[in-house]
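The next block holds one structure in the form of structure tokens; read it before the comments.
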Amino acid sequence: MRPMRAAAFAALFLWAAPWGAAAEDVTLTSRDGSVEIVGTLLGYDGEFYRVDTVYGVLTVDGSGVNCDGPGCPDLQAFVAEFTISGARTIGEVLMPALVEAFARENGYGVARLVWDDAHFRYILTDNASGRDAARIRFRVTSTAEGFADLLANEADVVLSTRPVDRAEVQLASEAGLGDLSGPRRSRIVALDALVPIVAARNPLQTVTPETLARIFAGEIANWAELGGPDAPVALHLRDPASGLAGEVRRRVLAPAGLALAAGVIRHGDNASLSDAVARDPLAIGIGVLSELGNARALALEGSCGRRARAGAATLKAEDYPLTVPLFVYTPERRFPVLAREFLAFIRSRAAQPVIERAGFTDLRLDAIPVARQGERLAGAIAAAGEEVPVAELQRMVARMSGTARLALGFRFEFGGTGLDAQSRSNVEILAQYLERGEFDGRRLIFVGFSDGAGAAA
């Protein structure tokens with residue numbers, strides 16, 4: 001064994017073996033016979049072997065070696081296998097729809113095998129040979145479970161309704177999975193929104209974020225305080241393990257410095273939450289736009305009086321304050337070619353109509369004529385103080401006249417100079433449009449804005 005020579009065609013990665021895979025001994029020998037690597041085969045992705053050796057886990061280019069031993073794969077019958085785990089919100093409908101669309105787009109046959117509500121598998125078949133090309137396993141539970149599966153080497157792709165948290169980043173780094181908070185470890189596949197929901201018979205139409213926080217903290221416990229009947233407010237949320245429930249705590253309650261009230265009625269999925277609220281005129285919940293059911297979403301009213309309703313345009317531009325990006329996280333690991341092609345497909349043009357049909361907001365770059373921005377301009381004018389004279393407002397309107405606002409915003413994390421997760425994704429989207437020449441011959445104007453705190457200068 002010559003470890004220095006072996007390093008010439010080996011790289012160090014950590015991979016997760018697919019569920020059910022068996023590890024067996026192999027010997028990899030360089031084409032000229034001068035280098036030999038002995039170890040336990042942990043995986044093969046159609047191009048590279050991953051072998052556990054006395055020197056650690058090595059990833060070896062299959063084109064440079066011959067494989068001998070009981071664990072050697074059949075190179076002609078290689079099947080790409082990977083496991084997707086995580087949020088039910090993404091995994092129940094959206095990702096299966098994208099798998100099926102990917103199969104159609106690339107000429108694969110597709111079959112779905114179901115074990116139970118949380119576990120199913122897709123088999124993609126090469127139509128020419130009739131052989132399996134890929135086996136994609138799904139475990140649809142929660143965001144937290146998805147990251148736990150990744151850390152336990154039981155998943156390759158995580159579906160998440162929230163950004164990865166610090167503890168998960170630390171554990172992933174210690175497990176050799178890379179920095180999950182890095183820009184190359186996540187991609188946004190679609191958008192959804194947290195929405196306060198009531199029954200259709202409930203007269204409430206709008207609520208401020210502060211009032212919503214006080215309701216779910218139990219400070220407002222009677223509908224009489226909201227202009228309704230003298231009756232207690234029934235609170236409904238997703239189950240505590242849900243990533244969406246965590247987002248309610250982080251984005252609704254935490255900014256107001258409040259904690260969740262006791263006695264909240266919990267639901268295991270978004271549909272049952274919406275159904276329960278729709279049946280009870282004395283209930284209020286925080287659900288998701290993609291699964292409103294028969295419930296009615298309330299508009300959020302800002303401090304300047306503007307009402308933000310959740311919709312495709314307001315989600316894409318992050319004008320709606322409780323927009324929820326739907327993330328796909330992948331570790332720093334080499335994937336089979338077909339898996340890489342699928343991950344590229346979910347951000348492609350062909351995927352966008354699929355995302356829309358599945359009930360989510362896609363990532364297409366819509367344009368909104370400035371003539372339809374009257375409420376926004378009126379709000380800016382109404383909020384302008386003595387430091388912003390009429391002449392400056394007129395200059396702004398003149399500069400923007402005849403333009404269209406792209407449903408694409410770049411917003412910064414609170415109190416910092418870093419872009420938030422959706423905005424980092426928007427940079428990639430804009431770059432792709434520029435690279436394709438979609439704005440050739442046109443002028444792009446970046447229009448900045450801020451809140452009203454502090455001096456205008």
Side-chain angles (χ1 to χ4, degrees), residues 86-87 89-90 143 146-147 158-170 172 178-195 209 212-213 243-257 286 288-290 300 302-304 306 308-330 346-347 355 360-366 368 376 405-433 444 446-454:
T89 299
I90 313 172
T143 292
F147 282 115
V158 177
L159 308 178
S160 177
T161 56
R162 60 165 172 80
V164 61
D165 66 30
R166 291 182 180 178
E168 290 159 346
V169 169
Q170 179 65 30
D179 180 6
L180 290 185
S181 65
R184 297 182 66 84
R185 301 276 63 83
S186 68
R187 66 201 77 196
I188 293 172
V189 64
L191 303 174
D192 206 343
L194 292 173
V195 286
L212 186 64
L244 294 172
E247 286 297 273
V248 170
R249 292 191 298 270
R250 184 175 74 89
R251 300 176 62 182
V252 176
L253 292 164
I286 300 180
V288 290
L289 181 64
S290 60
L300 290 179
S303 57
C304 62
R306 288 191 69 241
R309 291 194 177 275
T314 57
L315 266 59
K316 290 181 183 183
E318 288 188 271
D319 285 348
Y320 184 75
L322 297 180
T323 298
V324 176
L326 303 181
F327 297 93
V328 170
Y329 279 88
T330 53
I346 64 177
R347 286 288 294 266
I355 294 168
F360 297 87
T361 297
D362 61 68
L363 303 180
R364 284 179 284 204
L365 198 52
D366 300 332
I368 309 166
R376 174 177 289 278
R405 180 189 177 200
L406 297 178
L408 194 73
F410 303 98
R411 296 175 185 262
F412 296 88
E413 293 175 339
F414 184 77
T417 58
L419 293 173
D420 65 22
Q422 185 173 340
S423 297
R424 292 195 296 271
S425 175
N426 286 345
V427 171
E428 295 179 13
I429 292 171
L430 179 60
Q432 290 167 1
Y433 272 75
L444 291 176
F446 285 82
V447 179
F449 61 93
S450 73
D451 58 30

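The figures here come from the full heavy-atom set of this structure, side chains too, leaving out hydrogens, waters and symmetry mates.
- Looking at Q422, its side chain does come within 3.5 Å of a backbone N or O of L315 through a donor-acceptor pair.
- Looking only at side-chain heavy atoms (C-beta outward), I355 and R364 stay at 4.5 Å or farther from each other.
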Please walk me through it: do L194 and V248 pass side chain to side chain contact (heavy atoms under 4.5 Å, CB included)?
CA-CA 8 Å; L194 292 173; V248 170; 4.2 Å; yes
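- With a 4.5 Å cut-off on side-chain heavy atoms, S181 and Y329 do not count as touching.
- R347 and S425 get closest at one heavy-atom pair: NH2-OG, 3.4 Å.
- T330 is linked by a side-chain hydrogen bond (donor to acceptor under 3.5 Å, both in side chains) to nothing, counting only residues two or more places apart in sequence or in another chain.
- Residues V158 and V328 have side chains not in contact (no heavy-atom distance under 4.5 Å, counting atoms from C-beta outward).
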Could you walk me through whether F147 and V164 pass side chain to side chain contact (heavy atoms under 4.5 Å, CB included), step by step?
CA-CA 8 Å; F147 282 115; V164 61; 3.8 Å; yes
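- Take D165 and apply the side-chain contact (heavy atoms from CB on, under 4.5 Å) test, not counting sequence neighbours, and it matches R162, A167, E168.
- Each side chain to side chain donor-acceptor pair (under 3.5 Å) pair with one or both residues in residues 182-194, not counting sequence neighbours, appears once here: D192-S290.
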Run the side chain to side chain contact (heavy atoms under 4.5 Å, CB included) check on L326 and L159 step by step: do they pass?
CA-CA 8 Å; L326 303 181; L159 308 178; over 6 Å; no
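- Atom OG1 in T323 sits 6.5 Å away from atom CZ in R251 (nearest 0.5 Å).
- With respect to S160, the side chain to side chain contact (heavy atoms under 4.5 Å, CB included) criterion is satisfied by exactly one of T143, T89, I90, L180: T143.
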Could you walk me through whether D420 and S423 pass the side chain to side chain donor-acceptor pair (under 3.5 Å) test, one step at a time?
CA-CA 5 Å; D420 65 22; S423 297; 2.8 Å; yes
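- Between F360 and L289 there is no side-chain heavy-atom pair separated by less than 4.5 Å.
- Here the closest heavy-atom approach between residue A313 and residue I368 is recorded as CB-CD1, 4.0 Å.
- A407 approaches K316 most closely through the heavy-atom pair O-CB, 3.4 Å.
- Rounding to the nearest 0.5 angstrom, the gap separating the CG atom in N426 from the CG atom in L419 is 9.0 Å.
- Across all their heavy atoms, F327 and P163 have their closest contact at CE1-N, 3.7 Å.
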Tell me, with the steps shown, if R309 and D319 meet salt bridge (charged side-chain N to carboxylate O under 4.0 Å, His left out).
CA-CA 9 Å; R309 291 194 177 275; D319 285 348; over 6 Å; no
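- Here the OH atom belonging to Y433 is positioned 13.5 Å from the CD atom belonging to E428, to the nearest 0.5 angstrom.
- Between V288 and E247, the closest side-chain pair of non-hydrogen atoms is not below 4.5 Å.
- Contact check for L300 versus P321: side-chain heavy atoms found under the 4.5 Å cut-off.
- Across all non-hydrogen atoms, the minimal contact from V195 to A310 is CG1-CB, 3.7 Å.
- Proximity of I286 to L212: side-chain heavy atoms (C-beta onward) are separated by under 4.5 Å at one or more points.
- Of all the heavy atoms in I188 and P325, the pair that sits closest is CD1-CB, 3.6 Å.
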